Amino acid sequence: MSGNHYKGHEVSCCIKYFIFGFNILFWVRAAGLGSGLGAPGVLSNLSSITDLGGLDPVWLFMVVGGVMFILGFAGCIGALRENTFLLKFFSVFLGIIFFLELTTGVLAFVFKDWIKDQLNLFINNNIRAYRDDIDLQNLIDFTQEYWECCGAFGADDWNLNIYFNCTDGNPSREKCGVPFSCCTKDPAEDVINTQCGYDIRAKPDSEQKDYINVKGCVPQFEKWLQDNLTLVAGIFIGVALLQIFGICLAQNLVSDIEAVRASW
């Protein structure tokens, strides 16, 4: 009786549960994004260092997290309950996201000079707010240490900070200095010298390079992209293929479900 009922058509359990597992990733990423930004003190002044016309970027991340959650919900429930509407919603929405990512990539290549200027503006805003947020301060220090850079295009960008600028009226002990993360590292030192950047910009440019990294973070970031182009391209291609794979699986499952229903 069962064989006559389905006439040989059946829904693939492998595809069904693979889609379920695939969408669990969206839920986990959405939860991680929301909890990370919702934690107290995490870049609390993020809106003050971005140029988004007063829009708090945290809301943008919350929207992205919400979309990922809804997408994961539609895929999971659609697969488990064999709901073709939710599965079609999942595949169409995933296709839209893929198209937006592709468009963003093309626009980023076409307007790379504008992106470079925005990155410069973002770093300079971060420099101004360096002492205002401990999490932001740690982020800047990590960036400068990792890329062995200082400022957006050089150490003199730290003149934008009220504690590090070289103006005569600056009473700060850090006047004409840079954060310790700009300093070149001595492998023999076990303890970080947090005062290594004091008064360093009062020295001639020829001497500064012996104590600090004189290259800016924007050029260093560009160099990092060029050196790791294969890795970056591989990640983007991998994500794109994963999305296409998810769309194909969802459409395949929809076809199986409709074939079974048509045979009833």
Side-chain angles (χ1 to χ4, degrees), residues 43 45-52 57 60 101 103-167 170 174-187 189 192-237 239:
L43 295 184
N45 65 337
L46 194 59
S47 60
S48 66
I49 59 173
T50 53
D51 188 22
L52 296 176
L60 179 61
E101 290 174 346
T103 303
T104 302
V106 173
L107 291 176
F109 178 78
V110 173
F111 297 103
K112 55 185 178 182
D113 290 336
W114 179 83
I115 293 176
K116 184 177 178 179
D117 292 339
Q118 291 302 307
L119 181 59
N120 179 32
L121 178 63
F122 177 75
I123 293 176
N124 285 338
N125 286 340
N126 275 272
I127 289 174
R128 290 187 182 94
Y130 179 73
R131 292 298 190 198
D132 299 338
D133 188 305
I134 187 62
D135 296 292
L136 175 62
Q137 182 175 311
N138 291 334
L139 176 63
I140 296 172
D141 287 334
F142 170 79
T143 301
Q144 294 191 143
E145 287 180 332
Y146 182 79
W147 281 324
E148 297 181 349
C149 58
C150 192
F153 284 94
D156 285 338
D157 289 332
W158 282 97
N159 271 326
L160 296 171
N161 187 278
I162 59 173
Y163 300 101
F164 293 98
N165 68 60
C166 291
T167 56
N170 183 9
E174 296 175 310
K175 174 183 175 181
C176 254
V178 292
F180 72 93
S181 53
C182 285
C183 298
T184 55
K185 296 296 178 289
D186 185 354
E189 289 185 355
I192 297 176
N193 179 11
T194 57
Q195 299 181 1
C196 60
Y198 282 19
D199 302 318
I200 199 68
R201 288 188 296 114
K203 300 178 182 293
D205 292 344
S206 58
E207 293 184 24
Q208 290 183 21
K209 63 182 180 181
D210 295 330
Y211 301 95
I212 62 172
N213 299 305
V214 294
K215 294 180 179 179
C217 291
V218 173
Q220 287 295 88
F221 176 66
E222 291 178 322
K223 182 179 180 297
W224 181 89
L225 280 180
Q226 293 173 356
D227 294 342
N228 297 273
L229 187 60
T230 303
L231 175 62
V232 174
I235 292 174
F236 278 102
I237 292 173
V239 171

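Atoms considered below: every heavy atom in the structure, side chains included; atoms not considered: hydrogens, waters and symmetry mates. Keep in mind the model is a prediction, meaning the values are calculated, not measured. Counting begins at 1 with the first residue of the sequence.
- A pairwise comparison of heavy atoms in Ser181 and Gln144 identifies OG-NE2, 2.7 Å as the closest pair.
- Looking only at side-chain heavy atoms (C-beta outward), Arg131 and Phe164 come within less than 4.5 Å of each other.
- By the 6.0 Å contact criterion, NZ on Lys185 is enclosed, its count of non-hydrogen atoms from other residues, nucleotides or ligands being greater than 12.
- Minimum interatomic distance between Leu136 and Ala129 (heavy atoms only, all atoms of both residues): CD2-O, 3.5 Å.
- At a threshold of 4.5 Å between non-hydrogen side-chain atoms, the residues Asn159 and Cys166 count as touching.
- Expressed to the nearest 0.5 Å, how far CG of Leu139 lies from CD1 of Ile134 amounts to 11.5 Å.
- Closest non-hydrogen pair, Asn161 versus Ile127, comes out as ND2-O, 2.7 Å.
- Between the side chain of Arg201 and the backbone N or O of Gly177 there is at least one donor-acceptor pair closer than 3.5 Å.
- Atoms OG1 and CG, from Thr143 and Asn126 in turn, are 8.0 Å apart once rounded to the nearest 0.5 Å.
- Pairing each heavy atom of Phe180 with each of Glu145, the nearest pair is CE1-OE2, 3.5 Å.
- Applying the side-chain contact (heavy atoms from CB on, under 4.5 Å) test to Ser206 and every residue at least two apart in sequence or in another chain returns Pro204.
- Contact of the Lys175 side chain with the Asn165 side chain is not registered, since no non-hydrogen atoms from C-beta on lie closer than 4.5 Å.
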Can you check side-chain hydrogen bond (donor to acceptor under 3.5 Å, both in side chains) on Tyr146 and Asp141, steps first, answer last? CA-CA 8 Å; Tyr146 182 79; Asp141 287 334; over 6 Å; no
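- Going from atom OH of Tyr163 over to atom CD of Glu174 covers 8.5 Å, rounded to the nearest 0.5 Å.
- In this structure the side chain of Cys176 never reaches within 4.5 angstrom of the side chain of Ile200, judged on heavy atoms.
- The shortest non-hydrogen separation linking Ala155 to Gln208 is CB-OE1, 4.5 Å.
- Atoms CZ and CG, from Phe122 and Asp117 in turn, are 15.0 Å apart once rounded to the nearest 0.5 Å.
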Show me the donor-acceptor pairs within less than 3.5 Å that the side chains of residues 213-232 make with the rest of the protein, sequence neighbours left out.
| unit_1 | atom_1 | unit_2 | atom_2 | d |
| --- | --- | --- | --- | --- |
| Asn213 | ND2 | Cys182 | O | 3.3 |
| Gln220 | NE2 | Trp147 | O | 2.8 |
| Lys223 | NZ | Asp227 | OD2 | 3.0 |
| Asn228 | ND2 | Trp224 | O | 2.8 |

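- In this structure, the side chains of Asp157 and Ile123 stay at 4.5 Å or more apart for every pair of heavy atoms.
- The closest side-chain heavy-atom distance from Tyr211 to Cys196 is not below 4.5 Å.
- Gly151 and Trp158 get closest at one heavy-atom pair: N-NE1, 3.5 Å.
- The side-chain contact (heavy atoms from CB on, under 4.5 Å) test applied to Gln195 returns Asn193, Tyr198, not counting sequence neighbours.
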